[in-house]
Amino acid sequence: MTIDFRLALAKDLVIALEQGNEAEADNILDKIAGQKENELFQQVGQLTRQLHDAMAGFSLDSKIASMTENDIPDAKERLQYVITMTEQAANQTLNAVEELLPVSKTLNDQAGELSEKWERFLDREMPFEEFKSMSAEITKHFSQSKGSLLEIQNGLNDILMAQGFQDITGQIIKRVIDLVQELEVSMVELISLSGGAKAEEAKAKELELPGPAIPGMDDKSGDVAANQDDVDDLLSSLGF
Amino acid sequence: MKILVVDDFSTMRRIVKNLLRDLGFTNTVEADDGKTALPILEAGGIDFLVTDWNMPGMTGIDLLKAVRADPNLVDLPVLMVTAEAKREQIIMAAQAGVNGYVIKPFTAATLKEKIEKIFERIDG
């Protein structure tokens, strides 16, 4: 309400009162009060809106807070678990391989030795005494093979079972990806709520060691060797 | 021929050790980063170094630089086996004096080829 307008209303009020026109005086008083009320309502409206935004911001705040407090440490643990599981699987596989390689080598050596003798027997170049000892060796080889092959089968099963980590770690990683996405959405909402200030394009801090290049992500800029051939080409261009 | 395998992941050390054994190199020792590797190298008797790059404590590139700065180790052949695949990193390793560079994941054939190439060059 401008001063002129209020002054005009006040003058009208004085005139109406002097003239004894009560109806007109009441009318003017209502007008003045009404104007004041309007202004008050506007203010209350504005405050309500601010309160609403603040509440929304607060609920987002607490959402992010709960994410930082619970979900992110949880995700870290989950990822740690992925490391543990993959390490276990790798060790289980390596154990089996390390156990089985000598077993298969022994079998291979025995078979090679016996087949050589067998050839000589077929060519009738083997004296009877040697034939007798070869028969005993063959019998021994068969019984040993049975045990060794069973061992190999069990080891292969162990290797098979060790691959079960893939399913579980895949699920865990997927959950962590979902969490990261959720966090991203909340952050964007929060930024748009806080006055819609444009987030400064924070330049991603380049890690000192980028680590494994993920195909389709890290190799876009062309400054990453996609495979060993790329590495070899680069090195040979440097005179290696 | 005594080989030192340096990697912070024990599984990767095992894989490399098994592949080396398959190639006829049975005498291997292990270290989990540059810090633990350096005293082993300084103690002498290591003929070949296979190292990862990204390790806590002391990285493979720092280990390589330390090796090249040591008059007793300056000629030690070094093979880097790492997931670091950026061109600038490969160039950095080359400039630091690496003898071979294999990126993970790698195959047994690749490792064999690089190792043989390194020894060919030394013998030749």
Side-chain angles (χ1 to χ4, degrees), chain A residues 79-80 82-105 108 155 159 162-163 165-166 169 204 206-240, chain B residues 7-22 26 33 52-56 58-62 77-114 117-118 120-121:
Chain A
L79 289 178
Q80 197 59 49
V82 168
I83 296 180
T84 310
M85 284 209 77
T86 49
E87 189 180 349
Q88 273 172 0
N91 276 323
Q92 197 179 334
T93 307
L94 287 165
N95 282 340
V97 170
E98 281 175 11
E99 267 168 45
L100 296 183
L101 279 177
V103 174
S104 117
K105 192 182 180 311
N108 190 29
I159 293 172
Q163 311 313 308
F165 78 94
Q166 173 59 32
T169 55
E206 184 104 5
L207 280 173
E208 224 176 298
L209 287 172
I214 311 293
M217 277 177 79
D218 301 321
D219 50 2
K220 279 181 189 158
S221 51
D223 60 349
V224 165
N227 51 43
Q228 187 64 40
D229 286 343
D230 270 7
V231 177
D232 294 350
D233 288 348
L234 180 61
L235 286 177
S236 74
S237 77
L238 293 169
F240 262 69
Chain B
D7 199 308
D8 52 333
F9 275 85
S10 68
T11 47
M12 188 47 69
R13 292 200 300 270
R14 283 184 72 176
I15 290 170
V16 171
K17 271 181 76 171
N18 274 293
L19 290 171
L20 287 171
R21 189 192 306 135
D22 211 37
T26 49
D33 80 333
D52 183 24
W53 184 319
N54 192 355
M55 295 176 289
M58 185 184 192
T59 62
I61 192 76
D62 288 340
V78 179
L79 176 67
M80 202 153 239
V81 180
T82 173
E84 305 301 328
K86 280 215 158 193
R87 281 170 189 280
E88 56 182 275
Q89 289 177 284
I90 299 164
I91 293 168
M92 194 197 287
Q95 283 166 345
V98 83
N99 299 83
Y101 199 100
V102 172
I103 52 168
K104 295 174 185 170
F106 59 94
T107 63
T110 302
L111 190 70
K112 182 170 188 267
E113 184 200 319
K114 301 305 162 204
K117 212 169 156 190
I118 288 171
E120 250 171 52
R121 219 177 290 130

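All heavy atoms count here, side chains included; hydrogens, waters and symmetry mates do not. The chains referred to below are lettered A, B, ... by the order of the sequence lines, with proteins before strands, and numbering in each begins at 1.
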Name the region of [X], side chain, backbone, both or neither, that has any atom closer than 4.5 Å to a heavy atom of chain A.
X         : result
Lys117(B) : neither
Asn99(B)  : backbone
Ser10(B)  : side chain
Ile61(B)  : neither
Thr107(B) : neither
Asn54(B)  : both
Thr11(B)  : both

Under 3.5 Å, is there a donor-acceptor pair between the side chain of [X] and the main chain of [Y]?
X         : Y         : answer
Asn18(B)  : Arg14(B)  : yes
Gln228(A) : Ile103(B) : yes
Asp62(B)  : Met58(B)  : no

Side chains of [X] and [Y]: does their closest heavy-atom pair fall under 4.5 Å?
X         : Y         : answer
Leu19(B)  : Lys112(B) : no
Gln92(A)  : Phe165(A) : no
Asp52(B)  : Met12(B)  : no
Lys104(B) : Asp7(B)   : yes

Given that the side chain runs from C-beta out, which part of [X] has a heavy atom under 4.5 Å from chain B: side chain, backbone, both or neither?
X         : result
Asn95(A)  : both
Leu94(A)  : both
Asp232(A) : side chain

Carboxylate-amine/guanidinium proximity below 4.0 Å for Asp223(A) and Arg87(B): no
Winner by heavy-atom pair count (cut-off under 4.5 Å) against chain B, out of Ala225(A), Gly239(A), Ala90(A), Gly222(A): Ala225(A)
